[in-house]
Every structure is written in C-alpha cells, then in structure tokens.
J.: 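Take a look at this one; I'll ask things after.
Within every chain, numbering begins at 1; the chains are lettered A, B, ... in the order of the sequence lines, protein sequences first and strands thereafter. None of these values were measured; they are calculated from a predicted model.
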Number of protein chains: 2
Amino acid sequence: MELHEPELRDVPVTAVLAALADDVRLQIVRALAEGGGEYACGTFEFGISKATRSHHLKVLREAGLTRTRVAGTTRFVRLRRDELDRLYPGLLDAVLTAPTPTPPTRD
Amino acid sequence: MELHEPELRDVPVTAVLAALADDVRLQIVRALAEGGGEYACGTFEFGISKATRSHHLKVLREAGLTRTRVAGTTRFVRLRRDELDRLYPGLLDAVLTAPTPTPPTRD
DNA sequence: ACCCTTGTTCGACTTTTGTCGAACAAGCTC
DNA sequence: GAGCTTGTTCGACAAAAGTCGAACAAGGGT
C-alpha cells in the first residue's frame, strides 16, 4: 500500500493554494497545525461523510501538505510544516493566522 | 459604473487563496507585483480570449486582490499590496517568490 | 456621424470539484 | 473465523469554474 506523497518542489504552487482554498481542508490544516502532532483520519469530524473526508485528506496529501503514516487499519496524518516553511516561507503562517475561517457573514 | 471592490477583511481567506490558485491569475498577479504600478487590462496577454481575461480580472477584483481605476474606455488594475500585506503578512511574498509558475514538468 | 479600440456581459459548453452511499480492503478482537 | 473498526475506492450526481465567440456598451479619433 504505497501512498503518493510528492516532493514538495514538484507540486505547482497553484496546487498548494488550491488545496488550502477549501473550508473543510483549511479546518483540517488548522487542526493539524494547532496540535502539532499526528492525528488519525477519523479525528476530523466536520459534519462530512467518511468518503468526503477521505477525499479531502487525499487532496492535501497529493498537494504535498501532509504526510501519512499507516499503522494497522489506522492512518496518522501530520502537516509537512518544516518543508512547507522552507519552500514557501510565511505562507502557512499567513494562512493560519488569518482571521476567522469564514468571516462573520456580513453582507 | 460601480466596481465591486470588497473590503479585504470581508473576504474569506479561502476566496483569496482560490483566486491565487489559478495559473492565469497567478501570472497576472506576478506581473502586477513585478511592475508595482497599474496596468491596463489589455496588458495581460497570456493566450486567452478577452472574455476569459475579463473573467479572471473580475475574480481577482472580487477576491480583494486588485483595485481598478476606470479611465475612459480603459481600466487600470493594480495589486492591493499594502492591504494584503497588512491582513495576510507574508502570504503574497510567499506566493510570489515561489519557484516557477509550473514546475519543469517532470513526470 | 462613423468607426475603431477597450472591456464587459451573455449564453453555451466542458472540465473540475465537492458530496454522498454503497461496496470493498485490511487489521484488530473475541 | 465472525464481526467490528478504520479508511479507501467506485459510481453517481450537482454545483462551480474555466473557456470561448458573439453581442453589447462606452469612449476616442478622424
């Protein structure tokens, strides 16, 4: 069971940005960044189905944002923080420290 | 002719990221950033039609990334650099200094 | 006035993306 | 091994996004 985890330098920056440009995935990334460690996939319960969650984690992985460790039937996910900070200094910080996930719905 | 230019703080960060997560738009943003000043829409010739270009410029504008000045039949576009740097410190720099627009197609 | 230039808007079309339930795969545990 | 748990994969579907040509709008020449 090989996981496709690309070299970060081989990922177009647009793919990285696209991966971050989704509410669900941003929540996941925030959670990962906040905890700092690794989390089982099942940890991320944001009112989405298993299938959808699996999909988003795949997008993140293939965009080079996360790394996954397989342990039995469980998969532990973690942010590739160091690599990201090295290749895109400031990007992750900027995104993570950004205001609220969705602004207070002022229209 | 009112142009819809939102307050940056009212734009979800995912919208900003989505706006940047496209090759054509990223090229436009790079061009704007490099030049530093303002450019007529027609400046951006990336092998796309007028309609498509207009569309991308609209996306950028509505994501709060650019500001547009109308002068006769021409429209001048510029990056909202200062505001962006203030609200998302490091983001733009990170994106702009990123390697090549599309990595050397190694597959 | 007429035409040319600059852009936008309007369908229309295609591709991509997000979402789900259901089926499947692979480990655990008893 | 039967059954449970954890995730992935497979259609299917709807919504969103990118693209274009054609029509339109509004200024600026001459």
J.: Whole Å only: how far is the CZ atom of B/Phe76 from the P atom of C/dT8?
T.: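 Rounded to the whole Å, the gap is 13 Å.
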
J.: Using a cut-off of strictly less than 4.0 Å, decide whether A/Arg75 has a side-chain nitrogen or oxygen near OP1 or OP2 of D/dT8.
T.: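 Answer yes for this pair, as a side-chain N or O of A/Arg75 is under 4.0 Å from OP1 or OP2.
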
J.: Between the protein and nucleotides 2-4 of chain C, list every N/O to N/O distance that falls short of 3.5 Å.
T.:
none

J.: Would you list the pairs meeting side chain to side chain donor-acceptor pair (under 3.5 Å) in which at least one residue belongs to residues 63-72 of chain B, sequence neighbours left out?
T.: B/Glu5-B/Arg67, B/Glu38-B/Arg69, B/Arg67-B/Glu83

J.: For DNA chain C, what residues of residues 54-68 of chain B have any heavy atom nearer than 4.0 Å?
T.: B/Ser54

J.: Does any non-hydrogen side-chain atom of B/Val24 lie less than 4.5 Å from one of B/Phe44?
T.: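 Heavy-atom side-chain distance check fails, nothing below 4.5 Å.
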
J.: Indicate yes or no: at least one non-hydrogen side-chain atom of A/Ile28 is less than 4.5 angstrom from one of A/Tyr39.
T.: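 Sidechains of A/Tyr39 and A/Ile28: no contact.
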
J.: Just how far is it from atom CG of B/Leu79 to atom CG of B/Leu65, taken to the nearest 0.5 Å?
T.: 7.0 Å

J.: Got a sec, which residues hit side-chain contact (heavy atoms from CB on, under 4.5 Å) with A/Thr52, two or more places apart in sequence or on another chain?
T.: A/Ile48, A/Ser49, A/His56

J.: Please report, rounded to the nearest Å, how far the C1' atom of D/dT19 is from the CZ atom of B/Arg25.
T.: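 My rounded result for the distance is 12 Å.
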
J.: I'd like a list of close polar pairs between nucleotides 20-25 of chain C and the protein, N/O only, cut-off under 3.5 Å.
T.:
{"unit_1": "C/dC20", "atom_1": "OP2", "unit_2": "A/Ser49", "atom_2": "N", "d": "2.9"}
{"unit_1": "C/dC20", "atom_1": "OP2", "unit_2": "A/Ser49", "atom_2": "OG", "d": "3.3"}
{"unit_1": "C/dC20", "atom_1": "OP2", "unit_2": "A/Thr52", "atom_2": "OG1", "d": "2.6"}

J.: For A/Ala40, check side-chain contact (heavy atoms from CB on, under 4.5 Å) against everything at least two apart and list the hits.
T.: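 Checked A/Ala40 against side-chain contact (heavy atoms from CB on, under 4.5 Å); matches are A/Thr43, A/Thr74, A/Phe76.
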
J.: Listing request: all salt bridge (charged side-chain N to carboxylate O under 4.0 Å, His left out) pairs with a residue in residues 41-65 of chain A, at least two apart in sequence or in separate chains.
T.: none

J.: Return the minimal non-hydrogen interatomic distance between B/Gly90 and A/Ala94, and the atom names on each side.
T.: C-CB, 4.3 Å

J.: In whole Å, I'd like the distance from the CG atom of A/Asp23 to the P atom of C/dT17.
T.: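 So the two atoms are 17 Å apart, to the nearest Å.
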
J.: Give, for atom OG1 of B/Thr97 and atom OH of A/Tyr88, the distance between the pair rounded to the nearest 0.5 Å.
T.: 9.5 Å

J.: Which residues in residues 36-45 of chain B have a heavy atom closer than 4.0 Å to any atom of DNA chain C?
T.: B/Ala40, B/Cys41, B/Gly42

J.: Do any N or O atoms of the protein come closer than 3.5 Å to N or O atoms of nucleotides 27-30 of chain C, and which pairs are they?
T.:
none

J.: If we only count heavy atoms from C-beta on, is the A/Val77 to A/Leu32 side-chain gap below 4.5 Å?
T.: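 They are in contact (side-chain heavy atoms under 4.5 Å apart), so the answer is yes.
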
J.: Tell me every residue that passes side-chain contact (heavy atoms from CB on, under 4.5 Å) with A/Ala15, counting only those two or more places apart in sequence or in another chain.
T.: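 Per chain and number, A/Ala15 pairs via side-chain contact (heavy atoms from CB on, under 4.5 Å) with A/Val11, A/Pro12.
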
J.: I want to check something: taking the side chain as every heavy atom from C-beta on, are A/Leu91 and A/Leu20 in contact at a cut-off of under 4.5 Å?
T.: yes

J.: Between C/dG18 atom P and A/Leu26 atom CG, what is the distance in whole Å?
T.: 13 Å

J.: Check whether any side-chain heavy atom of B/Thr14 sits under 4.5 Å from a side-chain heavy atom of A/Asp22, and report yes or no.
T.: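 No, every pair of side-chain atoms sits at 4.5 Å or beyond.
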
J.: Give me each pair satisfying salt bridge (charged side-chain N to carboxylate O under 4.0 Å, His left out) with a member in residues 85-97 of chain A, each pair once, sequence neighbours excluded.
T.: A/Arg81-A/Asp85, A/Arg81-A/Asp93

J.: What residues, two or more places apart in sequence or in another chain, satisfy side-chain contact (heavy atoms from CB on, under 4.5 Å) together with B/Ser54?
T.: none

